[in-house]
2 protein chains.
Amino acid sequence: MARKTGSHSDITGPRVRAAAQRLIARHGYAAVSMRQIAAEVGVQAGALYLYTPDKQTLLYDLMRLHMDELLSALALLPEPADPREALQQFARFHIRFHLDRPEAVFIAYMELRNLEPENFAAIEALRRRYEDRLETILRLGAAEGCFVLPDAKLATLALIAMLTGVTGWFRPDGRLSGAEVEAIYADMALKAVSA
Amino acid sequence: MARKTGSHSDITGPRVRAAAQRLIARHGYAAVSMRQIAAEVGVQAGALYLYTPDKQTLLYDLMRLHMDELLSALALLPEPADPREALQQFARFHIRFHLDRPEAVFIAYMELRNLEPENFAAIEALRRRYEDRLETILRLGAAEGCFVLPDAKLATLALIAMLTGVTGWFRPDGRLSGAEVEAIYADMALKAVSA
DNA sequence: AGATTATCTGAACGTGCGTTCAGATCAAGC
DNA sequence: GCTTGATCTGAACGCACGTTCAGATAATCT
């Protein structure tokens, strides 16, 4: 027995990535085996290598894809002239995007150290580009006098850590809706750097 | 050859935990082998089992010890009547404590999922006790009217995520000193929940 | 219908894992 | 100085890992 009925590369490829994402988010890259991923897809381990050259690349592709999506979505955001509005918008975007993709986000922040140096550098560069957008907003606001920041870079990292932390506890069926959480976080972020 | 000259349980035991902490913080629990830990200590893998029943317990002991230290140190903090002062003090304490023990903190927040259910529950309970202290401060401040929080639990988690994020980038030889970082973060935390 | 190609299986490879244990070595107590 | 107990080695255990590959099967093309 071999090829399954109705099987296609177009179907199995995404399913491999989806299974990898789910498992790695739950148990961590190092703790997940290729055989577990294969089992989740309903295939033997060897078949995975039709879709990825190796395990490391599978992880890298997940993170790379996520960062590309993040930056693409960010690029679509308008850029309000008012820094306060821009910050609120960024915060809301960040929360919304992260709540929609908890697994991808979790991996992007937790599995950096499991990337080989080259791959790490590539992802890190993308992450920097994202953070730069927030940092620019903060610097603009500071120049205009509506934000007070002893250190723009530090404030950037502090806000991102706070906003990203939402993925650690948010549950769709929990006490608060995504929209509520979004509003509260955006407000806290704004106040944290305001005059 | 066997027993090393001048070797003692009192010395090797702590060295095992220290090596485990260093390696796990850097590479992750699942990615670190008992043989690597043993090599770091300068001993064969089998000797580790004089000091821990198994790898899982080694991880749990690290986390448990860290949480105990955290709660003990917290208990020594005075409890100012003014919620604003209490919050600032908590924030400064949190930053200071975390900057002093980057490895232990990193493990405590990243390796939770590698704990077996029982151990996880135990650590989680300790973590909850810690968070409760902050939540109490916030609720008190909200009742007195100096804090504005749509949701105390959410604010607690947001602040802790922000404060803990400091371990992700802080370097002792970096641009900012620990004391500066402490002051800035405490200020941001206070503003984030103030009226 | 027959040939071709994409897809997958099942077994195998070398390696490293956590853990155990008999035996070797050293330090301490008598 | 001999014995005893604490400490460690070195080899071994079964198992799971990532990866490869020849062969089997199903879909597609002619």
Side-chain angles (χ1 to χ4, degrees), chain A residues 1-24 26-63 107 111 113-116 118-119, chain B residues 1-21 23-24 26-63 107 111 113-119:
Chain A
M1 37 191 147
R3 183 171 184 175
K4 302 283 194 62
T5 68
S7 63
H8 288 296
S9 182
D10 312 356
I11 296 177
T12 309
R15 292 212 344 174
V16 167
R17 277 184 288 278
Q21 182 165 95
R22 189 163 44 250
L23 288 172
I24 292 176
R26 184 130 54 216
H27 306 292
Y29 173 75
V32 171
S33 72
M34 294 299 268
R35 277 172 243 265
Q36 285 174 52
I37 296 171
E40 188 95 348
V41 177
V43 113
Q44 292 298 317
L48 297 183
Y49 291 83
L50 274 303
Y51 306 100
T52 183
D54 48 43
K55 191 188 179 192
Q56 164 74 201
T57 305
L58 186 52
L59 173 63
Y60 173 66
D61 284 346
L62 286 179
M63 297 178 73
I107 292 173
E111 304 294 353
R113 60 170 159 194
N114 289 119
L115 288 175
E116 287 161 9
E118 276 177 55
N119 295 337
Chain B
M1 35 192 149
R3 182 172 186 178
K4 302 281 193 67
T5 66
S7 62
H8 288 296
S9 181
D10 311 357
I11 295 178
T12 308
R15 293 215 333 163
V16 167
R17 277 184 287 277
Q21 183 165 93
L23 288 172
I24 293 175
R26 185 130 53 216
H27 307 292
Y29 172 76
V32 170
S33 73
M34 294 299 269
R35 278 172 243 263
Q36 286 174 52
I37 296 171
E40 187 95 348
V41 177
V43 113
Q44 293 297 317
L48 297 182
Y49 292 83
L50 273 306
Y51 305 101
T52 184
D54 48 43
K55 192 188 177 191
Q56 166 74 201
T57 304
L58 187 51
L59 173 63
Y60 173 68
D61 284 346
L62 286 179
M63 298 179 72
I107 292 173
E111 304 294 353
R113 61 173 158 192
N114 287 310
L115 289 175
E116 286 160 10
E118 276 178 56
N119 295 337

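The sequence lines fix the lettering, A, B, ..., with proteins before strands; numbering per chain opens at 1. Just so you know, these numbers come straight off a predicted model, no measurement behind them.
C:dT20 atom P lies 8 Å from atom CG of B:D54, rounded to whole Å. Straight-line distance from the CG atom of A:N114 to the P atom of D:dG18: 12 Å, rounded to whole Å. Per the geometry, CD belonging to B:Q44 stands 14 Å off C1' belonging to C:dT20, to the nearest Å. In this structure, OH of B:Y49 is placed 15 Å from C1' of D:dT9, rounded to the nearest angstrom. Between the CD1 atom of B:I11 and the C1' atom of D:dA6 there is a distance of 14 Å, rounded to whole Å. Straight-line distance from the CG atom of B:L48 to the P atom of D:dT7: 14 Å, rounded to whole Å.
Checking A:D10 against B:A45, the closest nucleotide of DNA chain C that is more toward the 5' end is the one next to A:D10.
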Protein-nucleotides 15-17 of chain C N/O pairs under 3.5 Å:
unit_1	atom_1	unit_2	atom_2	d
C:dC17	OP1	B:S33	OG	2.9

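Listed by chain and residue number, A:E111 satisfy the salt bridge (charged side-chain N to carboxylate O under 4.0 Å, His left out) test with B:R113 (two or more places apart in sequence, or in another chain). Every residue meeting the side-chain contact (heavy atoms from CB on, under 4.5 Å) condition with B:A45, not counting sequence neighbours, appears here in chain and number order: B:R35, B:A38. With sequence neighbours left out, A:Q44 forms a side-chain hydrogen bond (donor to acceptor under 3.5 Å, both in side chains) with no residue at all. For A:Y51, the side-chain contact (heavy atoms from CB on, under 4.5 Å) partners are A:S9, A:T12, A:V16, not counting sequence neighbours.
Contact annotation: B:T12 side-chain N/O to D:dC8 OP1/OP2 distance is under 4.0 Å.
Comparing atom distances between the B:L50 side chain and each of C:dT9, C:dT7, D:dC8 picks out D:dC8 as nearest.
Nearest heavy atoms, A:E40 versus A:A19: CG-CB, 3.6 Å.
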Quick one: side chains of residues 55-63 of chain B, donor-acceptor pairs under 3.5 Å with protein atoms, not counting sequence neighbours, listed by atom name and distance.
unit_1	atom_1	unit_2	atom_2	d
B:K55	NZ	B:Y29	O	3.0
B:K55	NZ	B:V32	O	2.8
B:Q56	OE1	B:E116	N	2.9
B:Q56	OE1	B:N119	ND2	3.0
B:Q56	NE2	B:N114	O	3.1
B:T57	OG1	B:D54	OD1	2.7

